[in-house]
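The structure appears right after this line, and notes come after that.
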Amino acid sequence: SKCEKLLAEAREAGNLPRHIAIIMDGNGRWAKERGMPRIAGHNQGVKSVKEIVEVCGEIGVEALTLYAFSQENWKRPTWEVSALMKLLMRTIHNEIDNLNSKNVRVKTIGHIELLPPETLKQVQSAIDITKNNTGLVLNLALSYSSRIEIMDAVKKIAKNISQKSISIEKIDEEFFSKSLDTWD
Ligand code: FPP
């Protein structure tokens, strides 16, 4: 595939990215161009992503972040949100053994507690089953917003300061990075 070829070339050249992030958009447009319903586009999105996960794992990329569902996406019509949640749940259910056997570790960023309970359960079980794996980190951004991630970090730091457990001088880039969700 195209993805495989690109990454193999990058590895040859010694500049394989350590972390790749994918914004899963264009699903609706893909379907529209073919006169198909939006959900057919989302199904196709899952197909592409499966292939990318596999190639990244084989070639030795350390982490792959999939921007699968943003905070903004909650504003979509109820039927579409619900179809996406079911698709996410079904995909994890279908793929978990395969991911686990390929040593993939599933992680998330975002406010996953806002997901419907059955979807959340599936996501948490994937995290749990794969937590000791040492291969590709598959990071799913779910109910994610970068502004909220930053805001959460600011709140955490502000709380520490107000409780006098840290001083303002301690805040540098490294300290801030460690306050973000993306920090282990
Ligand atoms: C954006 O395309 C895509 C989404 C909002 C959802 C993507 C998520 C899934 C397919 C769920 C499954 C995810 C995983 C990780 C298994 P769009 O509808 O905005 O299309 P457009 O850009 O053409 O409008």
Side-chain angles (χ1 to χ4, degrees), residues 1-4 6-7 17-59 61-131 133 135-149 180-182 184:
S1 70
K2 209 157 134 190
C3 159
E4 196 164 4
L6 270 171
L7 289 177
R18 290 176 54 201
H19 185 176
I20 296 176
I22 294 178
I23 298 174
M24 295 178 66
D25 80 339
N27 293 351
R29 271 166 289 155
W30 185 92
K32 199 173 177 193
E33 280 163 20
R34 291 162 181 77
M36 292 157 94
R38 296 181 62 79
I39 199 67
H42 294 315
N43 287 331
Q44 186 63 30
V46 170
K47 270 194 200 166
S48 310
V49 136
K50 267 194 233 169
E51 184 189 315
I52 294 167
V53 171
E54 221 148 274
V55 173
C56 284
E58 280 162 16
I59 284 185
V61 171
E62 287 172 38
L64 174 67
T65 293
L66 299 178
Y67 288 96
F69 193 86
S70 70
Q71 183 65 34
E72 291 292 302
N73 286 154
W74 289 116
K75 294 182 196 150
R76 292 194 176 207
T78 316
W79 67 266
E80 192 178 1
V81 169
S82 136
L84 283 169
M85 290 300 143
K86 286 200 184 108
L87 178 58
L88 178 65
M89 187 166 69
R90 200 170 61 231
T91 306
I92 296 176
H93 180 260
N94 292 341
E95 295 302 318
I96 188 61
D97 289 346
N98 183 27
L99 291 170
N100 197 27
S101 73
K102 296 205 160 107
N103 201 20
V104 173
R105 180 153 64 116
V106 177
K107 291 175 91 178
T108 61
I109 50 172
H111 279 270
I112 60 167
E113 75 281 3
L114 300 175
L115 300 176
E118 328 80 73
T119 309
L120 178 60
K121 220 170 117 188
Q122 198 62 250
V123 170
Q124 277 169 335
S125 107
I127 295 171
D128 197 51
I129 292 169
T130 63
K131 66 176 185 286
N133 288 349
L136 176 72
V137 173
L138 175 59
N139 188 30
L140 303 176
L142 299 170
S143 193
Y144 178 78
S145 148
S146 57
R147 287 191 185 202
I148 293 176
E149 183 181 7
L180 293 168
D181 285 355
T182 33
D184 249 346

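Remember, it's 1-based here, ligands and their atoms both numbered in the order they're listed.
- Residue-level contacts of ligand 1 at the 4.0 Å heavy-atom threshold are M24, D25, G26, N27, G28, R29, R38, H42, V46, L66, A68, N73, R76, L84, L87, L88, T91, L140.
- Pairs engaging residues 73-94 under the ring-ring contact (aromatic ring centres under 6.0 Å, His included) rule: F69-W74 [sequence neighbours left out].
- The pair E118-K121 fails the salt-bridge criterion, with no side-chain N (NZ, NE, NH1 or NH2) lying under 4.0 Å from an Asp/Glu carboxylate O.
- Partners of S70 according to the side chain to side chain donor-acceptor pair (under 3.5 Å) rule, which considers only residues two or more places apart in sequence or in another chain, are N73.
- Remark: side-chain polar atoms of T130 are not paired, donor with acceptor, to backbone N or O of N133 under 3.5 angstrom.
- In summary, of the residues considered (H111, E72, E149), a side-chain hydrogen bond (donor to acceptor under 3.5 Å, both in side chains) with Y144 occurs for E149 alone.
- Under the side chain to side chain contact (heavy atoms under 4.5 Å, CB included) criterion, I52 pairs with C3, I22, C56, L64, sequence neighbours left out.
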